[in-house]
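First comes the structure, then the notes that go with it.
Note on naming: letters A, B, ... go to the chains in the order of the sequence lines (proteins, then strands), and numbering restarts at 1 for each one.
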Amino acid sequence: MKVSQLFGRTSKTEGIDYKTASHRLLIQAGYIRESTAGRYFFLPLGQAVQNKIIDVVRGHMNEVGSQEVLLPTLHPLELWRETNRTTTTGFELMKIEDRRGAEFALGGTAEEMAVDVVRKFNVSYKDLPFSVYQFSMKFRDELRARGGLLRVREFIMKDAYSFGTEAQFKDTYQAFWDAYKATFEDLGLKVDVVAADNGYIGGEYCHEFISQSDEGESRYFVDEQSGYAAHEDVAKFKVEDKNAGEELRELQEVDAERGTTMEDGVKLHNMPLWQQTKDVLYFDEATKRYVLALIRGDFDVNETKLMQAAGAWDLRHATEEEIREDLGSEPGFISPVGFPKKGKKTGREVVIVGDVSLRTVHNMYGGNNRLHKDLLNINIDRDYKLDVEADIALAQPGFISPDGGALVEKKGIEVGNIFQLGYHYSKLMHDAEFTDETGKRQKYYMGCYGIGIGRTLAAIVEAHHDDKGIIWPESIAPYRVYLVRLGQEEIVMQTAQSLYEDLTRAGVAVLYDDRTDIRAGEKFADADLLGIPYRVVVSAKTCAANQVEVKKRTETESQLTDRESVIKMVAGS
RNA sequence: CGGGGUGUGGCGCAGUUGGCUAGCGCGCCGCGUUUGGGACGCGGAGGUCGAAGGUUCAAGUCCUUUCACCCCGACCA
């Protein structure tokens, strides 16, 4: 390709509004251009990179035996109703109607569609396990797009769906895990694999592949020694015993002229924070129940864990009015001791969820559901009972991981994920079954596996750039060589042209800067900005020496060699 | 949806207490001089100043409404 004919152009002036490096560089170098927020034009260079990434991903998918398909973009809304996903969450689903009023979802993920096509074929145990995957445009009605390609409203995603028996699943999940590791390695991305929350996708466990970056939105914890890694939503940690050996003392009410914060309690009673009870009252809009979360005073409630434990979907904090008038308690003085089972006025059920850390403390202190009254020597089981006991604590940096090392907080870009779906979809959707060896119909056990192609592209730029521009890993560079011609002497014109042809013949993708009205500095600057791995220069100087100049984007010094060596060098590997 | 900010040729911006024909740099087109790290001269093209309504003799500038975009938050594979 000749630069003089390339559609899209670099820009000297950069958009100062763009905060992330990938956003700025990709636009400045002419890879992408914005349409509206979160929707991008992929120009020839950007599309070339995107296709390279797709090739790498496809290779690994094929390697694990997954089969490429293409599902429709418009999903019958009926299918989404079958799994309740039109209502279960505030999922950012785009909807559309045709002129006859038929309703569709613009595909944002395609579990239902995958099940729908598989059930049309009445599979048997002989077909299992198997998986299908596709590359397709996904639509998300994001409240706020950000960071260029990092969070968008339309993007190409590779999504795969596996079908099998429960016994087969472990191997399938591991195979995708390994394939993802290999994929991101090929793409030049170092990723952490972290345990995460399934959210509206359903299922019981999943893992995110996160490229560490300050620009990322995912916060997670890593135990560097053991390799334990988990998203902040699900991160576990060891809870040490405090005074669990202490003898139980008698429950006692005392006057408590204090404010409503934890610190006020600590000051008034002159006792440690960890010995205080933290009582947080929520209301779940989905199930219309109150959820009272109890935890040791020095910990915070992790709302994601809490929702899982309580079976809640849509938590909000209870209002002061609800606390006082419906539950007869007092903000800042809530206590599980004698807390009502139901709202007095509304009759709404109350679920008490306690953190496992409550077992590590005896003789706790806290409110007594009345203004300026506290209780001393509160003890679990004796003074109150839990409906659910679970880990609902929020991990913090420095806490001890389940494996014993200290948790370190990291930020990163989630470029891929793998989900165990189990029977979630096959149970919700009719006929999602296979025939087993005995002729009986069985639900199949599923997984799904996604990679955001555009986001991966952005993550690669975040990981590989300097102040001059992008530095593409060789595996996905849009071109392998940036051939710079300096000057218009006959010999230079001929040498550059024939080198261009020779390299192309040798199978090397060359971007040939044949512009005649552009000076050297600008060509070099563009070469750096574009980030092509090899820069080859042909000029009067190199021709006089009967050589060409070559420099890798990652290096600062160029070298002179003969043209055969250059061809060998860039064609190699 | 809350907070902050910005909308003036493709990009980056200036435009005073309202005042004459809306400017500058980059880029684009033409001619010439240049030519190893973002040259220079001359000549061009390109703008209903985000949109609508209002105030005024007069609006890029003031008022109202609205839309879009950027950043932070809430939300979210």
Side-chain angles (χ1 to χ4, degrees), chain A residues 7-20 23-24 27-28 30 33-39 41 85 89-93 107-111 138-148 150-153 155 157-160 194 196-203 206-210 215 217-219 231 233 303-304 314-317 413-419 421 448-456 468-469 484-489 492 513 515-529 535 537-544 549 551 556 558 560:
Chain A
F7 173 59
R9 138 180 342 117
T10 60
S11 169
K12 208 185 301 184
T13 46
E14 56 189 52
I16 50 165
D17 264 354
Y18 305 128
K19 199 196 145 212
T20 56
H23 193 185
R24 178 169 44 81
I27 287 177
Q28 202 186 337
R33 190 65 181 264
E34 195 170 62
S35 168
T36 56
R39 294 178 236 274
F41 296 103
R85 281 168 108 195
T89 63
F91 179 63
E92 65 277 25
L93 190 65
T109 173
E111 288 77 12
K138 295 293 186 291
F139 299 84
R140 299 285 169 88
D141 189 10
E142 293 287 346
L143 288 176
R144 190 185 142 211
R146 75 181 84 191
L150 288 177
R151 179 162 293 277
V152 294
R153 298 192 167 105
F155 62 100
M157 176 163 87
K158 187 285 299 175
D159 47 326
V194 312
D197 181 61
N198 288 48
Y200 61 81
I201 295 275
C206 70
H207 289 85
E208 296 182 351
F209 289 70
I210 299 183
E215 302 302 339
E217 302 178 71
S218 297
R219 203 178 287 278
H231 197 279
D233 289 344
E303 294 184 9
T304 303
D314 191 8
L315 283 185
R316 61 162 172 81
H317 284 275
I413 302 162
E414 181 194 349
V415 287
N417 57 32
I418 54 180
F419 282 87
L421 299 176
C448 74
Y449 317 86
I451 292 177
I453 302 301
R455 184 186 282 181
T456 298
K468 288 180 175 163
V484 179
R485 187 187 70 202
L486 297 182
Q488 291 170 75
E489 296 84 349
V492 174
D513 195 342
R515 293 174 294 180
T516 53
D517 51 348
I518 302 293
R519 297 157 69 90
E522 197 164 341
K523 291 192 175 191
F524 293 147
D526 277 349
D528 290 339
L529 181 59
R535 188 187 80 189
V537 179
V538 173
S539 67
K541 206 165 76 184
T542 65
C543 286
E549 178 188 303
K551 182 182 95 65
T556 50
S558 61
L560 284 171

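Not a single salt bridge (Lys or Arg N to Asp or Glu O under 4.0 Å) links A/R33 to another residue, sequence neighbours left out. Residues satisfying the salt bridge (Lys or Arg N to Asp or Glu O under 4.0 Å) test with A/E489, not counting sequence neighbours, are none.
As rounded to whole Å, 9 Å separates atom C1' of B/rC76 from atom CZ of A/R455. In this entry the distance linking CG of A/L143 with P of B/rC75 reads 10 Å, nearest Å. In this entry the distance linking NE2 of A/H23 with P of B/rC69 reads 12 Å, nearest Å. Regarding A/D517, its CG atom lies at a distance of 9 Å from the P atom of B/rG30, rounded to whole Å. As rounded to whole Å, 14 Å separates atom C1' of B/rC28 from atom CZ of A/R515. Computed from coordinates, the A/K12 NZ to B/rG38 P distance equals 10 Å when rounded to whole Å. Remark: P of B/rC76 and CZ of A/R151 are 10 Å apart, rounded to the nearest angstrom. For the pair A/R219 CZ and B/rC75 P, the computed distance is 13 Å after rounding to whole Å.
Looking at heavy-atom distances under 4.0 Å, A/K541 makes contact with a base. Among the atoms of the strands shown, base atoms are found under 4.0 Å from some heavy atom of A/D528. Residue A/A37 is classed as a sugar-phosphate contact, given heavy-atom separations below 4.0 Å to backbone atoms only. When heavy atoms are screened at a 4.0 angstrom cut-off, A/R33 is found touching the sugar-phosphate backbone but no base atom. Among the atoms of the strands shown, only primed sugar atoms or phosphate atoms (P, OP1, OP2) are found under 4.0 Å from some heavy atom of A/E34. Counting non-hydrogen atoms under 4.0 angstrom, A/I27 reaches nothing in the nucleic acid. As judged by a 4.0 angstrom heavy-atom cut-off over every strand, A/V537 is placed among the base-contacting residues. Here A/G147 lies in heavy-atom contact (under 4.0 Å) with sugar-phosphate atoms only. In this structure, A/Y449 reaches neither bases nor backbone, as no heavy-atom distance under 4.0 Å exists between it and the strands shown. Residue A/S35 is out of contact with every strand shown, counting any heavy-atom pair closer than 4.0 Å.
Searching all strands for a Watson-Crick or G-U wobble partner of B/rC28 with both distances below 3.5 Å returns B/rG44. Across all strands shown, B/rC62 forms a Watson-Crick or G-U wobble pair, both distances under 3.5 Å, with B/rG54. Shown here, B/rA68 forms a base pair with B/rU6; the pair counts as Watson-Crick or G-U wobble because both key distances fall under 3.5 Å. With a cut-off of 3.5 Å on both Watson-Crick or G-U wobble distances, the partner of B/rC1 is given as B/rG73. With a cut-off of 3.5 Å on both Watson-Crick or G-U wobble distances, the partner of B/rC13 is given as B/rG23. Checking B/rG37 for Watson-Crick or G-U wobble geometry (two distances, each under 3.5 Å) identifies no partner in any strand.
One C1' atom belongs to B/rU35, the other to B/rA39, and the distance between them is 8 Å to the nearest Å. A distance of about 49 Å separates the P atoms of B/rG38 and B/rC1, rounded to the whole Å. As rounded to the nearest Å, B/rA45 and B/rC29 have P atoms that lie 16 Å from one another.
Salt bridge status for A/D233 with A/R219: absent, with no side-chain N to carboxylate O gap under 4.0 Å. Between A/R39 and A/E34 no salt bridge is recorded (no basic side-chain N to carboxylate O distance below 4.0 Å).
With distances taken from any side-chain atom of A/F524 to the nucleotides B/rG37, B/rC76, B/rG10, the minimum falls on B/rG37. In the set B/rU35, B/rG38, B/rC76, B/rG38 carries the atom at the smallest distance from any side-chain atom of A/D526. Considering only side-chain atoms of A/S11, the nucleotide from B/rG73, B/rC11, B/rC76 that sits closest is B/rC11. Closest to the A/A525 side chain, of the nucleotides B/rC75, B/rG38, B/rU35, is B/rG38.
Because its NZ or CZ atom is not both nearer than 6.0 Å to the ring centre of A/F155 and within 45° of the ring axis, A/R140 does not count as a cation-pi partner of that residue.
Atom-to-atom distance recorded for A/H207:NE2 and A/N417:CG is 11.5 Å, nearest 0.5 angstrom.
For B/rA39, the OP1/OP2 oxygens have a side-chain nitrogen or oxygen of A/R519 closer than 4.0 Å.
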### Task
Could you walk me through whether A/T516 and A/R485 pass the side-chain contact (heavy atoms from CB on, under 4.5 Å) test, one step at a time?
CA-CA 9 Å; A/T516 53; A/R485 187 187 70 202; 3.4 Å; yes

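Not a single donor-acceptor contact under 3.5 angstrom links the side-chain atoms of A/R144 to the base of B/rC76.
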